[in-house]
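Here is the structure we will look at.
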Amino acid sequence: MTERQHPYVDIAPRSHWQRAVADRHPLDIGDWYSKKFPIDESHRVATAGSCFAQHIGRRLREAGFDYVDTEPVPAFLVNKQSRQDFGYDMYSARYGNVYTPRQWLQLFQRAFGKFQPRDDHWACQDGVVDPFRPTIEPAPFSSVAELRRSRAHHLACVREVFESADVFVFTLGLTECFAAVADGAVYPVAPGVSAGRFDPAAHRFENFDAAAIRQDLLAVFEAARQVHPKMRFVLTVSPVPLMATASGRHVVVATSYSKSTLRAAAGALQDELPYVDYFPAYEIISSPPMRAQFYEPDMRGVSPWGVDHVMRQFFAVHRPAGKPAAGRAGAPDREAAACDEELLRSFGPPA
Amino acid sequence: MKILVTGDSHTGPLQRGLALLQRDAPAKLARHEIVIRPLGGGHLLPFPFFKAREDHLHITQPDYQERLKRLPLPDVPGVDWYGISAPLHTARVFRHEQWRDYALEGEDGDGIPVSDALLARLVDDDQRQVMAFMKALAGLGLRPFAIEGPRPFRHHPAVPVVGAARVARIDAFYRQRMLAWLGAEGFPVVRIPAALVDAEGFMVEAMRKGPDDAHHGNEKFGARMIEAMLAALAKAGKA
């Protein structure tokens, strides 16, 4: 009798549910990802995307990758929470969360002078906020001039990100957003939520389909590779569900649509383009074999443990040879020594 | 009037200024009892250093504990005012050499812009614990007041690197923000006499401690501040 021949005879164990999943403890499921191209210490890596991307950027930096940070935290901003509140140490520049490929595309276009949204600023309390980074600082800018100066510097830093990154890791977060009717500028946060005023005549709801997502991603890739022809991209999909949907659907159903759409577009581009890879952070956190164990009790937030697990899978494949980034060492505090001397001289040694 | 002064290392010049007055002008101190008990170096003030108990504040910072374990002090009873030398010391913020690469709101040049909101946050981060300390003192029914630390000295090493104008602006912003808070809380403030500050906001050279110290005043400065303290508290007591 001849051996049975069919396309599944020689598949790898990881491609077989019984062997890859059913016979294993969820935490022992491995081999989630095989790289299309290497990322190592010779590559400068940038990140952007929805909130889950913050974890990826931070871990890449800590692991010793040559992480692009064109708006590094000033040494005088010491408090960790304040660094976060002012958008530092999150991404490769202070753009805050970039939820949709359209927002990413327009960020590039704004940085390179190809698009200038008509919406310039929103009045807020006694100051103004940037409609395209409404929460980048916890308090409004004190004047339009201050906002514009900050924005001009920021967009120069964004240019530097695209010019210097060899690999751009982008985490797709949402298909939903609100856009200006006048020129299609998309807002990271709907007008009126954190600042601004929602006007149904001026703002429209967008819920991009897979074709639109694909088209926007392609547009970013092509534009970025005109600036840096060898740039490569790693796409991920955020496993964090929607906080709210404007679609009218149940938020779980809307989340499913959003993530499926993003996942489909990312997968198609991974198959299509040699310089695009997909890393399955979404599946590692949210797929049924993982039993939702990495979600916080609200079933939305991802626990640090979950982030650790995701990044272990990434680092199992992409290992930097460089040393992990050292913590920022403070300069020797000469003034502290002077203060001790002053106290000793005036009061003598402590009892 | 019985006053207990505590706080950062700027209590040192106050102590030496007090000794100077006791020696040369004791009449100015008549009817007053001034006790100065420092916490320690100001570099530890931005971090938690005390816990509020039912009837006192317990100092938890180990280095500070070596000099001051609690307030009120059982061995210094009947204090009318508690002077805090801490809320108006600005060097921890302005002294960073990296300021040279940045630009404050309204400055010309191509430095990295720093918003007023960020500058305000730097002040708040620097003073959060001190503000809590003063409020906790007041919460015990005690009467705290603030004693201003010296303005920047021109010989501070940050000045040639960061620029005198920027150092002065950061210093002024910091003081203005803290003075607003102190005013809102109703805490009296002992200000530096105007004659000790030059037109650009720096301490006059005569108040300088010595060549090796970038930010403490000398005993003359301390004496002037003790005199200013008595005047300010007399005024506050009448109000």
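Just so you know, these numbers come straight off a predicted model, no measurement behind them. Residue numbers start from 1 in every chain, and the chains themselves are labelled A, B, ... in the order their sequence lines are given, proteins ahead of strands.
Heavy-atom proximity under 4.5 angstrom to chain A picks out B:Glu66, B:Arg67 from residues 61-75 of chain B. The stretch residues 213-225 of chain B places B:Asp213, B:Ala214, B:His215, B:His216 near chain A, each with some heavy atom under 4.5 Å from a heavy atom of that chain.
With rounding to the nearest 0.5 Å, the separation of CG in B:Asp126 from OG in A:Ser82 is 11.0 Å. Between the CD atom of B:Glu105 and the OG atom of A:Ser150 there is a distance of 10.0 Å, given to the nearest 0.5 Å. The line from CD of B:Gln15 to CG of A:Leu343 is 10.5 Å long, rounded to the nearest 0.5 Å. Distance check: B:Thr11 OG1 to A:Glu342 CD gives 7.5 Å after rounding to the nearest 0.5 Å.
Contacts with chain A were tallied for B:Asp101, B:Leu122, B:Leu118; B:Leu118 has the most, counting heavy-atom pairs under 4.5 Å.
In this structure, the portions of B:Pro13 lying under 4.5 Å from any heavy atom of chain A include both its backbone and its side chain. With a 4.5 Å cut-off on non-hydrogen atoms, B:Ala103 touches chain A through its backbone and its side chain both. Looking at B:His89, neither its backbone nor its side chain comes within 4.5 Å of chain A, counting heavy atoms on both sides. In this structure, chain B has heavy atoms under 4.5 Å from both the backbone and the side chain of A:Leu344. Residue B:Leu18 does not touch chain A at all, counting heavy-atom pairs closer than 4.5 Å. Only the side chain of A:Ser142 comes within less than 4.5 Å of a heavy atom in chain B; its backbone stays farther off. For a residue to count as touching a neighbouring chain, one of its non-hydrogen atoms must lie under 4.5 Å from one of that chain's; by this rule B:Leu14 does not touch chain A. Only the side chain of A:Pro138 comes within contact range of chain B, with heavy atoms under 4.5 Å apart.
Within 6.0 Å of atom CD in A:Glu341, 12 or fewer heavy atoms from other residues, nucleotides or ligands are found, so the atom counts as exposed in its surroundings. Annotation: B:Gln98, atom CD; neighbour count of heavy atoms from other residues, nucleotides and ligands within 6.0 Å is above 12. Atom CG of A:Asp126 has 12 or fewer neighbouring heavy atoms from other residues, nucleotides or ligands inside a 6.0 Å radius. The environment of A:Gln116 atom CD is sparse: at most 12 non-hydrogen atoms of other residues, nucleotides or ligands sit within 6.0 angstrom. Atom NZ of B:Lys2 has more than 12 heavy atoms from other residues, nucleotides or ligands within 6.0 Å.
Annotation: side chain of B:Asp125 is in contact with side chain of A:Leu77 (closest heavy-atom distance under 4.5 Å).
For the residue pair B:Ser115/A:Glu146, the side-chain donor-acceptor check at 3.5 Å is not satisfied.
Here the closest heavy-atom approach between residue B:Ala117 and residue A:Phe86 is recorded as O-CZ, 3.5 Å. Pairing each heavy atom of A:Cys339 with each of B:Gly41, the nearest pair is CB-CA, 4.1 Å.
A salt bridge is absent between B:Glu107 and A:Arg149; no separation between the charged side-chain nitrogens and carboxylate oxygens falls under 4.0 Å.
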> side-chain contact (heavy atoms from CB on, under 4.5 Å) between A:Val78 and B:Arg92: does it pass, once the steps are laid out?
Replying inline: CA-CA 11 Å; A:Val78 178; B:Arg92 283 188 300 276; over 6 Å; no
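For the salt bridge (charged side-chain N to carboxylate O under 4.0 Å, His left out) condition, the pairs that include at least one residue of residues 108-123 of chain B, sequence neighbours left out, are A:Asp85-B:Arg121.
Under the rule for a ring pair (Phe, Tyr, Trp, His ring centres under 6.0 Å), the partners of A:Phe76 that lie at least two apart in sequence or sit in another chain are B:Trp99, B:Tyr102.
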